[in-house]
K.L.:
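Structure in structure tokens, see below.
Note that this is a predicted model, so its numbers are computed, not measured.
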Amino acid sequence: MAADAVNSVSLGGNLWQIAAAEERAVELVAQKYDLPVLLARVMVLRGIEIDSVPSFFEPKISRLMPDPCVLKDMAKAAERIAEAVVHKQKIAIIGDYDVDGATSTSVMRLFLQAVGAEPDIHIPDREEGYGPSIRAVDDFKTAGVELLLTLDCGTTAFEPLEYATTSGMDVIVLDHHEAEVRLPKVYALVNPKRLDEKDDYPYLKFMAAVGVVFMTVVAVNRVLREKGFYAEGKSEPDLKKWLDLVALGTVCDVVPLKGLNRAYVAQGLKVMAARGNKGLTALMDKANLSEPPSAFHLGYVLGPRINACGRVGDADMGNKLLCSSSDYQAQLLADKLNEFNLARKDIENHVLLAAIEMLESKSSEYPVAFVYGYDWHQGVIGIVAGKLKERYNVPAFVMSVEKDEVKGSARSIPQLDLGALIMAAKEKGIITKGGGHTMAAGFSLEENRLEDFRKFVGEYALGKIGAEAIVPVIEVDAVLDVGGANAELAGYLEKLEPFGAGNPEPRLMLKNVRIVKPALIGVGHVRCILTSENGGSIKAIAFRVGDNDIGSAMLNPKGERFDAVGVLRYDRWQGRNDVQFIIEDLRKAENDRQE
């Protein structure tokens, strides 16, 4: 579908593009389901087929999850885990230190505990590095572990996992990261991104690791049931009660909320609203989250607090919180995670300011942000890379030079595939290890190869992006008058939740508005009322704009008219139940522009 591009650059430095939907398809969806045209338009733009509308509004796991054994090695993995449970063999888990890793580990741990097993848990900290290690394997070997599970890691951990196998352990990998043609020699490897996987259910490739783990738990539970495990007076666990953790990991790993992922999150949010998990409940209370959680709260309120322990604190604390059976312990852990998150923000700001100073003190011949510092905290370099990418609209590479190696993180723009870049750098021997996705990657290299890596990254990006500066584009789903931005429309838009990757929150443009009663609040936020000539009005807020052109225009509107782009939401803070417009960008209205 074509799009209507608006050529003038906004106050935020963006081009706005009005997405063009197939009008006949919009009309059919609106008529068949008695929906507002704007809502039907958004659904068509999201690629929702007309017959899929009901299931989009009410996604069901039972309908979208196939038999778990469609995935290679799943049947083998489920049988082996069930065997370990039945025969009370020693099980160990190696997880990851991010939210997907914490939730994956927690879902498997809670399930195994529910069926009478108590696994040993190892979450490597950032000093140890991502994934399985020889040291961890040796510790488990000493402890008599017979079955080792690696969750959210392991697909490319050839040496440590093959070492574990030769040490007498059966190793099962449950992962979702990109795979190579070669796979480690393990008992079973379940990963929807295996290159030899069939494509019968393509949306399975979008799953976070926690989604793969939940499918595995479903498969193991079925095997135990078939073996008569629950016939001896044992209660079969209710697997649905862990969907809150599946939703949390899925949202925080920024995987597309399509197909099964959408069902995971939609159902998981309902479970979370019931506040059955003591750790999540304590964390929600600590964040003053009293309303039913949304995907936004998972990604921007709860997730960062759990992530903080892996960044600047104790890596296994997230798993401990999510598996806590004590209200008191949950409160203590939630308090600690909140402290870690505050510390993370301070460290992040320090590294970000240093990086910006480096970038702006000299020009670069390449369309990338490439910075490094000595002993920058590894836990924040990924966040800083993301913020540099947003600030400069170029791929960003941020590295910490340690005494033994350089560890880095990168974030990209759509024009550059980071996974391919990192693989190419590894093949050339410029970096020692690395991996990632299209938009994010991690890597390591020796300090004496930094300049080689800078040139390689620069030339690679130059070939893909070109030398011309790329002006970021904001895609607008629909244009309307202030009077149309009302509670009824906000209610309809909520039906499209959960929002996230693959299903972004609808971005609207309000035309020809005037800004009245502006006020600077908090740390650089500006609130106001938007009015139109037909008498309509809505309260609005723009976050963190106090020091830029958007904030300046809002605080000194001079009676001019503007177009505003943003999202329409209910404001339920402290018991409110009205609507407001979250302003993301502004430009002078067409008649007020001098072009």
K.L.:
Would you please test Glu390 and Lys387 for salt bridge (charged side-chain N to carboxylate O under 4.0 Å, His left out) and show each step?
P.N.:
CA-CA 5 Å; Glu390 294 295 331; Lys387 293 196 171 182; over 6 Å; no

K.L.:
Quick check: closest heavy atoms across Cys323 and Leu110, and the distance to 0.1 Å?
P.N.:
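Heavy atoms only, the tightest pair is SG-CG, 3.9 Å.
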
K.L.:
Does the side chain of Tyr163 come within less than 4.5 Å of Asp138's, by heavy atoms?
P.N.:
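They are in side-chain contact.
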
K.L.:
So, using salt bridge (Lys or Arg N to Asp or Glu O under 4.0 Å) as the criterion, who are the partners of Glu236 when residues are at least two apart?
P.N.:
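Applying salt bridge (Lys or Arg N to Asp or Glu O under 4.0 Å) to Glu236 gives Arg225.
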
K.L.:
I'd like to know if the side chain of Asn191 reaches the main chain of His177, judged simply by a donor and an acceptor atom lying under 3.5 Å from each other, with no hydrogens or angles considered.
P.N.:
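Checked: pair present.
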
K.L.:
Does Arg344 reach the main-chain N or O of Glu339 with its side chain, forming a donor-acceptor pair under 3.5 Å?
P.N.:
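No, because the side chain of Arg344 does not come within donor-acceptor range (under 3.5 Å) of the backbone of Glu339.
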
K.L.:
Please walk me through it: do His176 and Lys205 pass side-chain contact (heavy atoms from CB on, under 4.5 Å)?
P.N.:
CA-CA 8 Å; His176 75 130; Lys205 287 182 168 59; over 6 Å; no

K.L.:
What residues form a salt bridge (Lys or Arg N to Asp or Glu O under 4.0 Å) with Lys270, not counting sequence neighbours?
P.N.:
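Partners of Lys270 under the salt bridge (Lys or Arg N to Asp or Glu O under 4.0 Å) test: none.
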
K.L.:
Below 4.5 Å, heavy atoms only, C-beta onward: do Pro498 and Val251 meet side chain to side chain?
P.N.:
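A side-chain contact is absent here, since even the closest heavy-atom pair is not under 4.5 Å.
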
K.L.:
Hydrogens and angles aside, do Asp175 and Thr155 bring a side-chain donor and acceptor to less than 3.5 Å of each other?
P.N.:
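A donor-acceptor contact under 3.5 Å links the two side chains.
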
K.L.:
Filter on side-chain hydrogen bond (donor to acceptor under 3.5 Å, both in side chains), then keep only pairs touching residues 61-71, sequence neighbours left out; what's left?
P.N.:
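Found Ser55-Arg63, Asp67-Arg222.
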
K.L.:
Any side-chain hydrogen bond (donor to acceptor under 3.5 Å, both in side chains) pairs touching residues 71-81, not counting sequence neighbours?
P.N.:
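side-chain hydrogen bond (donor to acceptor under 3.5 Å, both in side chains) check on residues 71-81 returns Asp73-Arg194, Arg80-Gln89, Arg80-Asp170.
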
K.L.:
What distance separates Lys433 NZ from Glu405 CD, expressed to the nearest 0.5 Å?
P.N.:
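Going from the NZ atom of Lys433 to the CD atom of Glu405 covers 5.5 Å.
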
K.L.:
Just list the side-chain donor-acceptor pairs under 3.5 Å for residues 370-377, sequence neighbours left out, or say none.
P.N.:
residue: Tyr374; atom: OH; partner: Glu447; partner atom: OE2; Å: 2.7
residue: His377; atom: ND1; partner: Arg311; partner atom: O; Å: 3.4
residue: His377; atom: ND1; partner: Gly379; partner atom: N; Å: 2.9

K.L.:
Taking all heavy atoms of Lys141 and all of Met169, pick out the closest pair and write down the distance.
P.N.:
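Distance-wise, the nearest heavy atoms are N-CE, 3.3 Å.
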
K.L.:
Could you list the donor-acceptor pairs under 3.5 angstrom formed between side-chain atoms of residues 328-335 and any protein atom two or more places apart in sequence or on another chain?
P.N.:
residue: Gln329; atom: OE1; partner: Ser324; partner atom: OG; Å: 2.9
residue: Asp335; atom: OD1; partner: Lys286; partner atom: NZ; Å: 3.1

K.L.:
Of all the heavy-atom pairs spanning Gly318 and Cys309, show the shortest one and how long it is.
P.N.:
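Looks like N-SG, 3.4 Å.
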
K.L.:
Treating Asn503 as the side-chain partner and Leu257 as the backbone partner, does any N or O pair qualify as donor plus acceptor under 3.5 Å?
P.N.:
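Flag not set: sc Asn503 to bb Leu257 has no pair under 3.5 Å.
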
K.L.:
More than 12 heavy atoms of other residues, nucleotides or ligands under 6.0 Å from NZ of Lys234: is that the case?
P.N.:
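More than 12 heavy atoms, drawn from other residues, nucleotides or ligands, come within 6.0 Å of this atom.
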
K.L.:
Can you give each donor-acceptor pair under 3.5 Å made by side-chain atoms of residues 417-432, sequence neighbours left out, with the distance rounded to 0.1 Å?
P.N.:
residue: Asp417; atom: OD1; partner: Gly419; partner atom: N; Å: 2.9
residue: Asp417; atom: OD1; partner: Ala420; partner atom: N; Å: 3.2
residue: Lys426; atom: NZ; partner: Gly434; partner atom: O; Å: 2.9
residue: Thr432; atom: OG1; partner: Ser444; partner atom: O; Å: 3.1

K.L.:
Hey, are the side chains of Glu180 and Thr156 touching, using non-hydrogen atoms and a 4.5 Å cut-off?
P.N.:
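Yes. Closest side-chain heavy atoms under 4.5 Å.
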
K.L.:
Indicate the atoms forming the closest heavy-atom contact of Val173 with Cys153, along with that distance.
P.N.:
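Scanning both residues completely, I find the closest heavy atoms to be CG1-O, 3.5 Å.
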
K.L.:
Taking only residues two or more places apart in sequence or in another chain, which ones pass salt bridge (Lys or Arg N to Asp or Glu O under 4.0 Å) with Glu197?
P.N.:
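Residues passing salt bridge (Lys or Arg N to Asp or Glu O under 4.0 Å) with Glu197: none at all.
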
K.L.:
Strictly distance-based, threshold 3.5 Å: is any side-chain N or O of Asn338 a donor or acceptor partner for the main-chain N or O of Ala287?
P.N.:
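Between the backbone of Ala287 and the side chain of Asn338 there is no qualifying donor-acceptor contact (under 3.5 Å).
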
K.L.:
Taking the side chain from Thr105 and the backbone from Ile123, do they hold a donor-acceptor pair closer than 3.5 Å?
P.N.:
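Such a contact is absent between Thr105 side chain and Ile123 backbone.
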
K.L.:
List in chain and number order the residues that pass ring-ring contact (aromatic ring centres under 6.0 Å, His included) with Phe443, two or more places apart in sequence or in another chain; answer none if no residue qualifies.
P.N.:
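Listed in chain order: Phe453.
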
K.L.:
Distance from Met284 atom CE to Met272 atom CE, nearest 0.5 Å?
P.N.:
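Output value for this atom pair is 6.5 Å.
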
K.L.:
Apply ring-ring contact (aromatic ring centres under 6.0 Å, His included) to Tyr300 and list each qualifying residue two or more places apart in sequence or on a separate chain.
P.N.:
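Tyr300 satisfies ring-ring contact (aromatic ring centres under 6.0 Å, His included) with Phe296 once adjacent residues are dropped.
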
K.L.:
Taking Pro59's backbone N and O only, do any of them form a donor-acceptor pair with Gln267's side chain (distance below 3.5 Å, no angle check)?
P.N.:
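At least one qualifying donor-acceptor pair exists.
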
K.L.:
Where the side chain of Arg46 meets the backbone of Pro504, is there a donor-acceptor pair that is under 3.5 Å apart?
P.N.:
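Yes, the answer is positive, given that a donor and an acceptor are paired below the 3.5 Å cut-off.
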
K.L.:
Under 4.5 Å between any side-chain heavy atoms of Phe140 and Asp120, yes or no?
P.N.:
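Phe140 vs Asp120: side chains touch.
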
K.L.:
Nearest 0.5 Å please: distance from the OG atom of Ser294 over to the CG atom of Leu269.
P.N.:
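Going from the OG atom of Ser294 to the CG atom of Leu269 covers 7.0 Å.
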
K.L.:
Residues two or more places apart in sequence or in another chain: which of them pass ring-ring contact (aromatic ring centres under 6.0 Å, His included) with His297?
P.N.:
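In terms of ring-ring contact (aromatic ring centres under 6.0 Å, His included), with neighbours along the sequence ignored, His297 is linked to no residue.
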
K.L.:
Rounded to the nearest 0.5 Å, how far does OG1 of Thr103 lie from CG of Asp152?
P.N.:
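Here the interatomic distance stands at 7.5 Å.
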
K.L.:
Could you please spell out the steps behind the side-chain contact (heavy atoms from CB on, under 4.5 Å) verdict for Met215 and Val190?
P.N.:
CA-CA 10 Å; Met215 282 188 72; Val190 181; over 6 Å; no

K.L.:
Heavy atoms, side chains only, cut-off 4.5 Å: are Ile413 and Ile465 in contact?
P.N.:
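When only atoms from C-beta onward are counted, Ile465 and Ile413 do touch, with a gap below 4.5 Å.
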
K.L.:
Start with the C-alpha distance between Lys185 and Glu162, add both sets of side-chain angles, then the distance that settles salt bridge (charged side-chain N to carboxylate O under 4.0 Å, His left out), and finish with yes or no.
P.N.:
CA-CA 6 Å; Lys185 296 175 182 178; Glu162 289 170 12; 5.5 Å; no

K.L.:
State, with a plain yes or no, whether a side-chain heavy atom of Glu348 is found less than 4.5 Å away from one of Val384.
P.N.:
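SC-SC contact between Glu348 and Val384 confirmed.
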
K.L.:
Would you compute the distance between atom CD1 of Ile91 and atom CG of Leu112 and round it to the nearest 0.5 angstrom?
P.N.:
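Rounded to the nearest 0.5 Å, the CD1-CG separation comes out at 5.0 Å.
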
K.L.:
Looking at every non-hydrogen atom in both residues, tell me the closest pair between Pro160 and Ile134 and how far apart they are.
P.N.:
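That would be CA-CD1, 3.7 Å.
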
K.L.:
Set out, in order, the CA-CA distance, both residues' side-chain angles and the distance that settles side-chain contact (heavy atoms from CB on, under 4.5 Å) for Ile93 and Asn319, then state yes or no.
P.N.:
CA-CA 12 Å; Ile93 294 172; Asn319 169 247; over 6 Å; no

K.L.:
Roughly how far apart are Asn307 CG and Leu337 CG, rounded to 0.5 Å?
P.N.:
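It comes to 10.5 Å.
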
K.L.:
Going through the checks in order, is the side-chain contact (heavy atoms from CB on, under 4.5 Å) test met by Ile61 and Leu260?
P.N.:
CA-CA 6 Å; Ile61 293 175; Leu260 183 56; 4.2 Å; yes

K.L.:
What pairs of residues pass the ring pair (Phe, Tyr, Trp, His ring centres under 6.0 Å) test when at least one of them lies in residues 192-223, not counting sequence neighbours?
P.N.:
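Sorted pair list: Phe214-Tyr264.
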
K.L.:
So do Met399 and Ile381 actually touch side chain to side chain, heavy atoms under 4.5 Å?
P.N.:
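SC-SC contact between Ile381 and Met399 ruled out.
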
K.L.:
Where do Thr216 and Met108 come nearest, in terms of heavy atoms and distance?
P.N.:
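Between these two residues, the closest heavy atoms are CG2-CE, 4.3 Å.
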
K.L.:
Are the side chains of Val99 and Asp253 in contact, using a 4.5 Å heavy-atom criterion?
P.N.:
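Contact flag for Asp253/Val99 side chains = no.
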
K.L.:
Without swapping roles, check the side chain of Asn349 against the backbone of Lys345 for a donor-acceptor pair under 3.5 Å.
P.N.:
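Yes; judged by distance alone, with no hydrogens or angles, the pair exists.
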
